[in-house]
Structures are given as structure tokens and as C-alpha cells.
A.B. asks: 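Once you've had a glance at the structure underneath, I'll fire off some questions.
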2 protein chains.
Amino acid sequence: MQDKEITIYDLAERLNVSATTVSRGLQDHPAINKKTKKRIFDLAAELGYRSNKFASNLRKQKTNTIGVIVPRLNSLFMSSVLSGIEKIVNNAGYNLIISQSFEHESKEKTNTTTMFNSRVDGLIVSLASDTEDLSHFDTFIRKNIPIIFFDRVAESIQSTKVLIDNFKAGYKATEHLIQQGCKKILHITGNPSRNVYKDRFEGYKKALNDHHIEFDPALYISNDLTEQAIQDALVNDVLKRDTLPDGLFVTNDSSAAFALTIFKEAGLRIPEDIAIVGFNNDLISKVTEPAITTINYPGNEMGESIARILINHLDGEGDLSFTSTVLLNTELIVRGSSQRKK
Amino acid sequence: MQDKEITIYDLAERLNVSATTVSRGLQDHPAINKKTKKRIFDLAAELGYRSNKFASNLRKQKTNTIGVIVPRLNSLFMSSVLSGIEKIVNNAGYNLIISQSFEHESKEKTNTTTMFNSRVDGLIVSLASDTEDLSHFDTFIRKNIPIIFFDRVAESIQSTKVLIDNFKAGYKATEHLIQQGCKKILHITGNPSRNVYKDRFEGYKKALNDHHIEFDPALYISNDLTEQAIQDALVNDVLKRDTLPDGLFVTNDSSAAFALTIFKEAGLRIPEDIAIVGFNNDLISKVTEPAITTINYPGNEMGESIARILINHLDGEGDLSFTSTVLLNTELIVRGSSQRKK
DNA sequence: AAAATTTATGCAACCGATTGCAATTGTGTA
DNA sequence: TACACAATTGCAATCGGTTGCATAAATTTT
């Protein structure tokens with residue numbers, strides 16, 4: 001059929017006006033007569049005109065695109081965050097480019113370069129687990145392209161950060177276990193150079209301390225939280241010890257679920273022998289037997305906050321305090337895996 | 001610092017050659033002298049030159065971008081598919097734009113429009129659960145922009161489809177339950193206008209038939225597979241019936257997990273009273289008690305197939321049979337939720 | 001009715017890379 | 001030395017919108 005793209009020049013010709021007028025009309029420019037605008041819009045619709053973003057971006061030097069780099073998309077949390085971001089961003093007339101680092105610094109670096117070359121107007125990042133060097137963000141900083149970090153943030157980079165109070169969440173989780181009578185609480189967590197893991201760990205230690213339980217380094221395990229890593233840590237180490245822990249606080253729900261499965265296979269009762277608390281309130285935490293006590297925090301809300309802050313900044317309304325930290329609330333959801341007392 | 005973008009003109013000026021030569025040099029054009037190329041590349045690297053995609057796309061009328069629209073990203077399956085696609089596509093020098101329809105036709109429509117306006121070179125789609133009208137893809141078809149459907153495909157649209165043999169998978173799952181002694185197998189599934197659900201249902205019926213079990217319409221439930229829907233169907237209906245089913249084949253693992261939880265709460269034993277088979281081999285199927293028998297299929301491989309077919313087509317190498325259907329293999333993974341016999 | 005505004009529209013340059021065709025330089029051959 | 005031919009390089013137009021400035025037309029003010 002009509003395979004030819006319609007341009008503003010085509011519209012201009014048919015309407016006997018200039019391309020300038022068409023361009024302005026389509027943008028609802030105040031100087032253009034209402035009737036002319038209507039004629040333009042009508043014809044545009046009729047002919048199936050679509051603006052050429054490349055021409056427009058080239059001229060305007062702005063892409064109206066926001067990049068997002070996350071470790072993985074396969075959790076309820078991430079997909080909620082994304083959904084929140086997308087909602088706000090679309091309403092504001094921006095587009096999203098999403099990519100996954102798959103928890104690797106190298107992939108994160110190439111993704112960042114791609115985003116840079118795509119000239120995103122802003123970048124939203126949650127760091128890969130093993131990212132140490134942050135120099136790939138330098139190009140953005142040098143060009144003053146705003147970056148917002150969320151959840152796994154880069155503490156040394158000056159920019160807005162949106163996250164939960166991981167210290168407090170870690171404290172709450174641990175304190176809950178203590179209140180259920182646990183004395184030897186195992187903590188399994190990720191790379192401690194990531195704020196989320198470090199802060200939860202600090203909260204864990206503080207809770208122990210406040211309840212006069214001495215921190216035992218043997219009860220602190222840090223690994224990459226894959227199924228394999230959890231298996232190794234528990235089967236080859238923890239379960240072979242003379243004294244077993246009586247509580248477990250692990251920083252994500254799928255790991256908590258794996259641990260629960262392993263413990264049950266080893267003949268331990270949950271929560272009587274070992275009480276378990278996870279993190280994130282992922283779907284998986286609800287279907288295990290018993291269901292897993294966890295920390296809930298609203299991904300959707302977080303996504304919306306992130307997007308609003310970024311858009312306000314880009315539209316030049318609120319760059320007052322762009323380098324601030326936003327802390328969102330969390331709550332402990334108590335389920336069977338930890339509840340020993342009514 | 002240097003906030004100014006470097007263009008080929010800047011390079012040309014410093015090297016005392018024309019922009020044409022710089023452009024060709026950067027593309028490794030054979031007519032350009034090797035020494036000249038080296039000088040160009042060296043200076044480009046030194047000054048931090050980056051190509052302006054908008055100018056390039058504008059001129060070339062090609063974006064090197066591929067759009068992906070999926071229902072949701074929060075499953076292991078989807079995130080594997082995406083990862084497979086991304087790998088192939090990046091190697092071929094294309095970029096990805098990913099968006100979620102959140103299972104709604106309306107969102108799918110606006111996403112499609114956005115993709116169209118972003119002038120993607122090709123589109124990869126898995127349909128939302130409630131999509132009936134497919135007219136939003138007409139613009140692509142009219143302009144001859146290739147669309148590949150996967151998993152949830154549009155049967156009425158002529159284009160490549162990549163999926164598993166859902167009929168066979170449904171047959172295998174059902175037959176397995178029959179072999180475990182089930183006679184009254186409940187089938188809970190999604191919208192039957194989606195091929196995946198319809199075909200699995202057909203497989204289910206065929207297996208029943210082949211084993212001389214009459215199909216009972218009361219044992220077929222179709223809903224949107226949310227947690228709420230599963231809960232309603234089981235608690236308010238199935239569990240109130242005089243005769244309970246002795247088997248359940250449900251077309252995704254999280255629903256299987258919810259069902260399993262509900263049945264256990266109702267005091268039923270799994271698999272003795274009701275044997276359960278899910279679908280997808282998602283993480284969740286491994287951590288329930290008992291673990292859930294399920295159908296596994298390789299998302300990564302599927303993603304790679306999809307991307308290869310599309311890229312070959314775009315690069316004009318294999319458009320011979322672009323409107324074909326690719327079927328990938330699946331396997332039944334037997335776990336505790338269904339295994340009654342050794 | 002002339003002057004001052006306001007309202008609408010157009011001209012032309014520009015954004016940065018690509019490419020058909022022509023031009024220049026260099027090498028080999030008669 | 002002259003000519004054919006290959007190897008390099010450049011000119012200039014093009015892709016489709018956007019925008020500062022100028023101009024023309026309509027309306028208001030004096």
C-alpha cells in the first residue's frame with residue numbers, strides 16, 4: 001500500500017502552508033491559528049503522519065529517553081519498580097530503554113556505554129552485585145546527565161538515591177528473631193560492598209548488641225546468593241557444625257526458600273529448630289511450607305518516586321536538591337517460618 | 001569540562017581531510033587509505049567522539065533497534081528469553097527496547113504505537129492475556145516491518161512464530177497424571193483464545209480420550225491465573241464439590257504453588273489425594289513442599305532462536321521462509337507433587 | 001484615517017552523518 | 001613521455017524537523 005512516509009512537507013504542500021506552520025501546529029504552538037491547527041491535525045491523522053524522532057532529536061539535542069539498568073528483571077520487586085517508573089515516565093512523554101546487567105560489572109559497563117551512545121536524557125541504575133569500579137558512570141557525570149541510583153546505590157557518587165532504610169530493616173528482622181527466642185542467628189547475605197547488604201548486616205549486629213548477644217563471625221556468611229551458593233554454604237558448612245544456629249536471616253526470599261528446603265531435608269523443623277526471615281516479600285515467600293516471614297517494601301512506589309524526581313529534574317522544575325537521599329518505609333510481615341509464640 | 005560534542009566535522013578539521021573521509025574511515029570503508037583510517041580512529045578515541053545515532057538514523061532510514069513487548073517480566077522464563085534475545089541482538093549491533101503490557105490489551109496497543117513511532121526495525125511480541133483485537137499490528141504489517149511472535153502468538157497474523165508444542169506438553173502432563181492413577185483431573189488454565197492455553201487444553205483432552213477417560217466440563221476452569229482467581233476457583237467452587245478431583249494440571253507454576261498451598265490448608269495430601277502438575281519450571285516450583293512436577297522449556301534458547309531469525313531477516317540473508325513456525329522441545333520434570341509410584 | 005499592536009505565517013539556516021558522482025593523485029604500461 | 005587504470009579523497013545534496021528573525025495581515029488605539 002502506501003509505503004511512503006508522510007513528512008511535514010507533505011502536509012504543508014497539501015495545506016498550502018509552510019513546513020514551519022505545520023511543525024508549530026503539531027506542537028500546539030500558541031502563535032498558530034486554531035483553525036489552521038485543526039486542519040493540520042486532521043490531515044495528519046488522515047494520512048497517518050508520524051513525527052520523525054530522529055530528525056527532531058537531532059535538531060533539539062534532546063532524546064526524551066530515559067535509560068534503566070538493573071541487575072535482573074526476574075523478581076516481583078524489580079518488575080514492580082519498572083512498572084512504577086514506566087507509568088510516570090510515559091505520562092511525562094518520555095520513553096524507556098531497559099537493560100539487565102545480569103549481576104556482572106562487565107555487562108553493566110557495556111550497558112552504560114550503550115545508554116550513553118543512545119544519548120539518554122537521564123539514567124536510573126541499580127548496581128550489579130560485583131561492581132566495584134564506578135568509572136563507567138564518569139561520562140555521564142562529566143556531561144551532567146543525571147543519574148539516579150536506587151536500591152543498590154553507589155555511595156561514592158553524588159546523585160539522588162532512592163532506597164529503603166536497610167539498616168532499620170535488618171534490625172527489625174533480627175530483633176524479631178530474637179523475640180522468638182533465637183540466640184544463634186545465622187546471617188546469609190550478599191557482597192558487603194553493596195550498601196543493601198552492608199546496611200542490613202549493620203542492622204543485624206546492632207540488634208544483637210542491643211539484646212546483649214555477642215556477634216559471632218562464624219554466623220555471618222556472604223556469597224552471591226545463587227541457589228548453588230546457598231546449597232554449598234548450608235550443606236557443606238553450616239549443617240556439619242557441632243552447634244547449629246537456631247535462627248536465619250537471609251537477604252532475599254528465594255534464598256530463604258532454598259534454605260528452608262535444605263533445612264527440612266536435613267530433618268530440622270521450621271520454625272521450632274530454626275526460625276527463618278527473608279527479604280523482599282517476593283511471591284515465593286508465600287508458598288513455602290511454612291510461609292516465610294519477610295520484609296515488604298513497595299516496588300511500585302519506589303519506581304514512581306524515582307521517576308518523578310528524575311522528570312522534575314529534567315524538566316527543570318526541582319533541581320534544587322538533586323543530590324539527596326530518599327528513604328522509603330518497610331514493614332515486617334510475620335509468617336509461619338519464624339512465628340514460635342502467639 | 002569539555003561539554004561540547006565532537007562531530008565528524010571536528011575530526012575532519014583537525015586531520016585536514018573532509019567529513020566524507022572521516023565518515024567512511026569510521027565505517028572501515030575499503031576506499032579509505034589504511035593510514036588515514038588509523039589517524040581517524042586514533043583522534044576519535046582521543047577526543048571521545050561518539051557517533052550521533054539520530055543523524056545517522058535520519059540519513060540511513062534505519063534505526064538498528066528492535067522492540068520487544070511481553071506481558072510481564074517477572075518470571076524466570078521471560079527473563080531468560082530476554083537474556084537470549086539480548087545476547088544475539090547486541091552481537092549483531094542492534095539495540096533493544098523492552099516494554100510490558102501487564103497483560104492488558106490497552107497497554108499493549110500503546111506500547112505498539114510507541115514502538116512504531118520509535119521506528120523499530122523489527123518487533124518481537126508475546127501477547128497479553130486478554131488481547132482479542134490485533135489491529136494495532138496493522139501499521140507494522142502495512143509497512144512491512146517484521147514481527148515475530150513467541151509463546152503467546154497471534155495465529156491469524158502471517159509471521160514467524162517461535163513456541164513450544166503446547167499440545168504435546170499438555171498431553172504429556174495429563175498422561176503423567178493418568179499414569180499416577182488420577183481419574184478426575186482438574187485443568188486450570190488461562191484465556192482459551194491464547195494459543196498456549198487452548199493447545200494445552202487440547203492436549204489435555206486428547207490424553208484423557210486416549211486413556212478412555214471422558215472429559216468432564218466441570219473439571220475445566222479458565223480464568224486470569226492471578227492468585228485471587230486461583231483462590232476463588234478453588235475455595236469457593238472446587239473444594240465445595242461433593243467429589244473432589246484427584247489430579248490438577250495448571251498452566252503455570254505460581255498458580256500451581258498457590259493451589260498446592262490452598263489444598264494443603266484444606267487438609268488434602270499432595271500427591272496422595274491430589275497430584276499436581278504445573279508449567280514453566282519456574283523457581284517457585286522447586287521450593288514448595290512437595291516440589292511441583294512441571295514442564296520445562298528453555299527460555300534462553302527460545303530467545304536466541306527468535307533473535308537469530310529476526311536478525312537474519314533484517315540483514316536480508318534468510319527471508320526465504322519468514323512466515324514459518326518454530327517449535328522447541330519441552331520435557332516433563334517429575335517431582336513430589338505428582339509422584340505416587342516409583 | 002493613520003499609527004501602533006497583535007496575530008499568523010514564512011524564510012532559511014541548522015542539527016550530524018551518509019553517499020552518488022566527480023576529481024585528484026599515483027602507478028603501471030606502451 | 002604519454003596514456004590507461006586504480007587508489008584516494010572531496011563536493012554537495014539529502015534525511016525531516018526546529019527555531020530566530022522578518023514579514024504580512026488583522027485588529028485596536030488615538
Side-chain angles (χ1 to χ4, degrees), chain A residues 2-41 43-44 47-65 93 95 116-121 143, chain B residues 2-41 43-44 47-65 93 95 116-121 143:
Chain A
Q2 56 123 330
D3 214 358
K4 183 68 179 51
E5 282 292 338
I6 306 293
T7 70
I8 52 169
Y9 300 100
D10 300 325
L11 299 179
E13 196 179 344
R14 301 221 197 183
L15 294 170
N16 277 318
V17 296
S18 71
T20 302
T21 300
V22 174
S23 173
R24 292 202 175 109
L26 290 169
Q27 297 170 75
D28 205 24
H29 188 112
I32 303 298
N33 189 296
K34 286 188 206 70
K35 287 176 189 164
T36 312
K37 278 183 195 165
K38 180 153 181 8
R39 289 173 60 220
I40 294 172
F41 277 115
L43 186 64
L47 298 184
Y49 166 81
R50 55 173 175 166
S51 165
N52 187 316
K53 285 193 183 183
F54 305 107
S56 171
N57 288 341
L58 175 59
R59 178 60 223 243
K60 287 195 300 189
Q61 303 285 61
K62 203 192 174 210
T63 65
N64 264 63
T65 299
N95 283 116
F116 186 67
N117 289 335
S118 303
R119 304 191 186 215
V120 294
D121 293 331
K143 284 225 187 303
Chain B
Q2 57 121 331
D3 214 358
K4 182 70 179 50
E5 282 292 338
I6 307 292
T7 71
I8 53 169
Y9 300 99
D10 300 324
L11 299 180
E13 195 179 345
R14 301 223 196 183
L15 293 171
N16 275 319
V17 295
S18 72
T20 303
T21 301
V22 174
S23 174
R24 292 203 174 108
L26 289 170
Q27 297 170 74
D28 205 23
H29 191 291
I32 303 296
N33 188 297
K34 286 189 206 72
K35 288 176 190 165
T36 312
K37 278 183 195 167
K38 180 153 179 11
R39 289 173 60 219
I40 293 172
F41 276 114
L43 185 65
L47 298 184
Y49 166 81
R50 54 173 175 166
S51 165
N52 187 315
K53 286 192 181 181
F54 305 108
S56 172
N57 288 342
L58 175 58
R59 178 61 223 244
K60 289 195 300 191
Q61 303 285 60
K62 199 188 177 214
T63 64
N64 265 64
T65 299
N95 283 116
F116 185 68
N117 289 334
S118 302
R119 304 192 186 216
V120 295
D121 293 331
K143 283 224 187 307

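Proteins come first, then strands; the chains are lettered A, B, ... in the order of their sequence lines, and each starts at number 1.
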A.B. asks: Looking at A/Gln61, does any N or O in its side chain come under 4.0 Å of the phosphate oxygens OP1/OP2 on C/dC14?
C.D. replies: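 Answer is no, no contact under 4.0 Å.
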
A.B. asks: Applying the side chain to side chain donor-acceptor pair (under 3.5 Å) criterion to B/Thr63, which one of B/Asp121, B/Asn57, B/Asn95 satisfies it?
C.D. replies: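 Among B/Asp121, B/Asn57, B/Asn95, the one meeting side chain to side chain donor-acceptor pair (under 3.5 Å) with B/Thr63 is B/Asp121.
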
A.B. asks: Please round to 10 degrees the angle between the axis of the first five pairs and the axis of the last five pairs in the helix from C/dA1-D/dT30 to C/dA30-D/dT1.
C.D. replies: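 If I round to tens, the end axes sit 50° apart.
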
A.B. asks: Can you check each nucleotide of nucleotides 5-13 of chain C against protein heavy atoms at under 4.0 Å and return B for base, S for sugar-phosphate only, - for none, in 5' to 3' order?
C.D. replies: ---BBBBBB

A.B. asks: Test of understanding: with salt bridge (Lys or Arg N to Asp or Glu O under 4.0 Å), list the residues that count as partners of B/Arg50, not counting sequence neighbours.
C.D. replies: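 Per chain and number, B/Arg50 pairs via salt bridge (Lys or Arg N to Asp or Glu O under 4.0 Å) with B/Glu5.
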
A.B. asks: Can you list the steps and then say if A/Arg119 with A/Thr65 is a side chain to side chain contact (heavy atoms under 4.5 Å, CB included)?
C.D. replies: CA-CA 8 Å; A/Arg119 304 191 186 215; A/Thr65 299; over 6 Å; no

A.B. asks: Within this structure, what is the CZ-to-P distance between A/Phe54 and C/dT18, rounded to whole angstrom?
C.D. replies: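 For the pair A/Phe54 CZ and C/dT18 P, the rounded distance is 14 Å.
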
A.B. asks: Round to the nearest Å and state the distance from A/Asn57 atom CG to C/dG16 atom P.
C.D. replies: 13 Å

A.B. asks: Are any of the side-chain heavy atoms of B/Asn52 and A/Leu58 separated by less than 4.5 Å?
C.D. replies: yes

A.B. asks: Could you check whether any side-chain heavy atom of A/Arg59 comes within less than 4.5 Å of a side-chain heavy atom of B/Phe54, counting everything from C-beta outward?
C.D. replies: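 When only atoms from C-beta onward are counted, B/Phe54 and A/Arg59 do not touch, as no gap falls below 4.5 Å.
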
A.B. asks: Extract, from 5' to 3' on DNA chain D, the first and final nucleotides lying under 4.0 angstrom from some heavy atom of chain A.
C.D. replies: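 First-to-last contact on DNA chain D, by the 4.0 Å heavy-atom rule, is D/dG16 to D/dC21.
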
A.B. asks: Looking only at non-hydrogen atoms, find the nearest pair between A/Ala12 and A/Ala19 and report the distance.
C.D. replies: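 Looks like CB-N, 3.6 Å.
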
A.B. asks: Can you see which heavy atom on B/Leu26 is nearest to which on B/Ala44, and at what distance?
C.D. replies: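 Heavy atoms of B/Leu26 and B/Ala44 come nearest at CD2-CB, 4.3 Å.
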
A.B. asks: Report the distance from atom CG of B/Leu58 to atom P of C/dT18, rounded to the nearest whole Å.
C.D. replies: 11 Å

A.B. asks: Select base, sugar-phosphate, or nothing to describe what A/Arg50 touches, counting heavy atoms under 4.0 Å on all strands.
C.D. replies: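 If one applies the 4.0 Å heavy-atom cut-off, A/Arg50 turns out to touch the sugar-phosphate alone, with no base involved.
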
A.B. asks: Salt bridge (Lys or Arg N to Asp or Glu O under 4.0 Å): which pairs involve residues 20-36 of chain B, sequence neighbours left out?
C.D. replies: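 Every pair satisfying salt bridge (Lys or Arg N to Asp or Glu O under 4.0 Å) with a residue in residues 20-36 of chain B: B/Asp28-B/Lys37.
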
A.B. asks: Verify the neighbour count for atom NZ of B/Lys38: are there more than 12 heavy atoms of other residues, nucleotides or ligands below 6.0 Å?
C.D. replies: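 Atom NZ in B/Lys38 is not packed in, count stays at 12 or less.
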
A.B. asks: Taking any heavy-atom pair under 4.0 Å as a contact, classify A/Ser23: base, sugar-phosphate, or nothing.
C.D. replies: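 Answer is base: heavy atoms of A/Ser23 come under 4.0 Å of a base.
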
A.B. asks: Is any side-chain heavy atom of B/Tyr49 closer than 4.5 Å to one of B/Asp10?
C.D. replies: no

A.B. asks: B/Ser18: which residues meet the side-chain contact (heavy atoms from CB on, under 4.5 Å) condition with it, sequence neighbours left out?
C.D. replies: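 side-chain contact (heavy atoms from CB on, under 4.5 Å) list for B/Ser18, sorted by chain: B/Thr20, B/Thr21.
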
